[in-house]
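Working notes for the structure below.
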Amino acid sequence: MSTERPPHDDDQDAETTLSRIMGERRDKASALRDAGHNPFRNDVGPATTLAALIAEYAPTRPPPPEPPPPGAPKQKAPPITPIDERLHRVAGRVLVKRGMGKTVFAPIRDTTGEIQLYLNVDHLAADDFAQVLPQLDTGDIVVAEGPAFWTKTRELSILVRRLWIATKSLRPLPSKEFVTEKGEQRGGFTDVEQRYRQRYVDLAINPDVRDVFRRRSAIVRGIRRFLDQRDFLEVETPMMHPIIGGAAARPFITHHNALDMKLFLRIAPELYLKRLVVGGLERVYEINRNFRNEGLSRAHNPEFTMLEFYQAYATYLELMDLTEAMIGELAHDVVGSTKVTWDGTEIELAAPWRRLSIRDAVRDLGNVADAARIFEDPQFAAEAAVAHGVPAADVARVLVEGIPGGVGNLPLTDVVPGFKDPAQRSRLAASILERYDTQEQRRVTAGHLGYLVFEATAEDKLIQPTFLTEFPLAVSPLARRNEQDGAFCDRFELFVNGKEIANGFSELNDPDDQRCRFQAQLLARAAGAAETMDYDEDYCRALEIGMPPAAGEGIGIDRLAMLLTGQPSIRDVILFPLMRPTGDG
RNA sequence: GGGGGCAUAGCUCAAUGGUAGAGCAUCGGACUCUUAAUCCGCAGGCUGAAGGUUCGAGUCCUUCUGCCCUCACCA
């Protein structure tokens with residue numbers, strides 16, 4: 001039991017406040033050891049949860065005392081009388097230590113609540129008062145035993161007879177927040193970078209943060225209950241995929257040594273889950289991580305949690321109803337209201353939600369004249385897209401992707417420069433469109449361009465919950481074609497506050513159509529699209545076995561948690577968001 | 001990747017280019033019912049890193065590192 005301090009990270013060199021405090025705390029730990037008390041012990045439980053204790057004694061709370069008559073001498077506190085003689089063993093982290101001479105008040109917190117310890121020379125065991133209490137610091141984990149009593153200010157407290165320091169805290173916690181005389185907020189732990197990097201401190205200090213993650217957990221639990229009640233089966237499918245599929249995104253790449261095999265961290269579980277539907281698991285869901293190699297933002301973390309579920313014999317229309325019901329139930333259970341405030345905007349989650357076609361969104365929210373024509377006439381759509389701020393290179397690529405049989409004879413490097421010139425643009429578009437075989441392909445391309453116009457003009461105006469419908473085929477490679485109009489799909493996305501929360505559609509189960517869609521993905525990749533799917537031959541084989549008609553949906557759990565907890569940043573609903581390393585750990 | 005902002009004591013924040021301060025926490029003292037306890041006192045800093053301008057830099061300039069916002073990409 002040496003009092004020599006082990007070499008330790010960054011606190012060695014200068015005698016800073018921090019290194020002094022840590023040294024003092026190590027000295028206190030040594031003093032405990034010398035007195036026969038292990039400062040890192042594990043034999044002092046179990047303890048009553050504080051919430052249970054508080055609830056149990058709540059009915060015994062005394063009434064407020066009569067106010068003393070003016071001028072009366074200050075009365076001495078009456079002797080302490082426990083409520084009953086039962087001894088309670090409680091445990092928790094010491095939040096503050098208030099010394100009053102022969103008395104110390106120390107509120108502690110466990111995962112359920114807070115209670116105050118009353119540590120007094122006349123009641124605490126002599127050895128504990130002399131040997132343990134002097135070594136107690138804010139942040140220590142303590143176990144205390146004694147009866148409960150009410151203070152004269154009617155606060156439930158433990159009249160401590162035995163005290164153990166179960167874990168000595170060597171590193172100081174940030175100070176409690178308070179308000180200065182000027183009304184400024186001071187103290188606390190508010191630096192967002194430190195809060196994310198040291199989430200353990202954030203959780204220990206900030207009750208609101210603990211609450212957010214409790215609610216996130218309740219959301220996930222609520223989803224499971226909702227789906228389980230409807231006979232969905234929870235499954236787990238591979239997180240490491242040999243080919244890219246199920247979504248449009250760039251993957252993370254890894255390698256398996258024994259098989260000497262390149263693997264992709266999954267960008268979506270979709271194609272595996274639908275294989276299960278083929279196999280007869282007619283209702284399945286998975287809640288797990290997806291990984292997408294994209295930038296970070298308030299709404300994006302490279303790994304994020306997705307719920308995907310599939311229901312045989314359902315259509316996308318039924319899934320919209322189901323989604324309203326699910327999120328409505330979660331709002332009721334977790335928020336207690338259908339109204340939430342998210343990022344300063346009041347959101348009304350009561351059903352029904354607006355259902356709006358992309359075409360109408362462009363017309364009514366994007367204020368685009370001739371919106372209908374955009375979705376019919378690719379020549380017109382190309383002009384409109386550029387006019388509304390879609391980059392000319394993107395428009396050119398979409399046009400080229402529609403050429404049947406490939407794009408090898410029309411390099412984009414030739415097309416794009418010309419396309420940026422307004423004078424040449426419309427002639428160039430016309431010459432590309434001449435190569436199209438069918439009227440349907442022309443409309444598919446018009447729809448694709450219309451979608452780009454939607455993103456540029458209307459997407460961020462979808463504030464209240466809205467199901468966006470009638471998605472163009474070209475951006476929906478796994479969705480079922482609409483029966484009436486084959487250029488569009490039976491698909492929806494749910495938007496709230498301009499952010500996509502959910503994406504669902506009736507599933508494409510025609511293997512030949514699916515093959516054409518995969519082929520189109522390869523063409524798009526050849527035309528320069530960065531995020532495309534691989535051709536999944538085994539998936540097509542599964543569809544040849546036969547997938548029952550079905551509909552499926554993905555819901556971003558992080559964003560749903562943001563919505564239902566009112567957090568503006570995805571990092572506030574992810575315990576350990578991805579951060580750049582700092583070098584000092 | 002582009003643009004804008006931020007980085008000072010353990011925490012939260014101040015400081016016209018002229019000696020780096022405050023509150024809280026810590027440490028010492030007083031106090032046997034406190035709630036940010038109160039009162040007295042002492043300490044605590046390579047101002048994110050490296051260069052430069054200047055008689056003199058926390059402050060101005062350059063580069064780097066990290067974070068936040070925003071745009072792009074995406075969900």
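Note: hydrogens, waters and symmetry copies are ignored here, and every other heavy atom, side chains too, is used. Residue numbers begin at 1 in each chain, while the letters A, B, ... track the order of the sequences.
For B/C6 and B/U59, the C1' atoms lie 15 Å apart once the distance is rounded to whole Å. When the C1' atom is used for both B/U54 and B/C13, the distance is 29 Å, rounded to whole Å. Taking atom P in both B/U12 and B/A25, the straight-line distance is 15 Å, to the nearest Å. B/C31 and B/U38 have their C1' atoms separated by 9 Å, given to the nearest Å. With P as the reference atom, B/U62 and B/C46 are 26 Å apart, rounded to whole Å. Here the separation of B/A22 from B/A9, taken at their P atoms, is 14 Å to the nearest Å. Rounded to whole Å, the P atom of B/U70 lies 47 Å from the corresponding atom of B/G28.
Shown here, B/C42 forms no base pair; nothing in the strands shown gives a Watson-Crick or G-U wobble contact with both key distances under 3.5 Å.
Using a 4.0 Å heavy-atom cutoff across all strands shown, A/Ile501 reaches no nucleic acid atom at all. A/Glu155 comes within 4.0 angstrom of a nucleotide base, judged by non-hydrogen atoms across all strands. The residue A/Ala248 sits close only to the backbone: its heavy atoms come under 4.0 Å of sugar-phosphate atoms, none of a base. Using a 4.0 Å heavy-atom cutoff across all strands shown, A/Arg559 reaches at least one base atom of the nucleic acid. If you check every strand for non-hydrogen atoms under 4.0 Å, A/Gly99 touches a base. Using a 4.0 Å heavy-atom criterion, one finds that A/Met306 contacts no nucleic acid atom at all. As judged by a 4.0 angstrom heavy-atom cut-off over every strand, A/Phe304 is placed among the base-contacting residues. Note on A/Asn301: a base of the nucleic acid sits closer than 4.0 angstrom, heavy atoms only. Residue contacts shown for A/Gly295 include a base, since a base heavy atom lies under 4.0 Å away. Residue A/Arg98 is in base contact, counting any heavy-atom pair closer than 4.0 Å across all strands shown. If you check every strand for non-hydrogen atoms under 4.0 Å, A/Asp137 touches sugar and phosphate atoms only. Residue contacts shown for A/Arg154 are absent, as no nucleic acid heavy atom lies under 4.0 Å away.
Between the side chain of A/Gln116 and the base of B/U34 there is at least one donor-acceptor pair of N/O atoms closer than 3.5 Å. Scanning atom types as modelled, one donor and one acceptor separated by under 3.5 angstrom connect the side chain of A/Thr151 and the base of B/U34.
Judged by closest nucleotide on RNA chain B, A/Asn120 is the one of A/Leu296 and A/Asn120 placed further toward the 5' end. Each of A/Gly556 and A/Asp122 lies near RNA chain B, and the nucleotide nearest A/Asp122 is the one positioned closer to the 5' end.
Rounded to the nearest 0.5 Å, atoms CD1 (A/Ile219) and CD1 (A/Ile555) are 11.5 Å apart.
For the residue pair A/Ser476/A/Arg491, the side-chain donor-acceptor check at 3.5 Å is satisfied. A donor atom on one side chain and an acceptor atom on the other are found under 3.5 Å apart for A/Arg266 and A/Thr237. Counted by atom type alone, A/Asp140 and A/Ser169 present zero donor-acceptor pairs between their side chains at under 3.5 Å. A/Tyr118 and A/Gln116 share no side-chain donor-acceptor pair at under 3.5 Å.
Using a 5.5 Å limit on the distance between ring centres and a 30° limit on the angle between planes, the aromatic ring of A/Phe105 does not count as stacked on the six-membered base ring of B/A37.
Residue A/Arg197 has its side chain nearest to B/G66 when only B/C69, B/G66, B/A37 are considered.
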Test ring pair (Phe, Tyr, Trp, His ring centres under 6.0 Å) on A/His123 and A/Phe149 and set out the steps.
CA-CA 13 Å; A/His123 297 88; A/Phe149 76 103; 8.0 Å; no
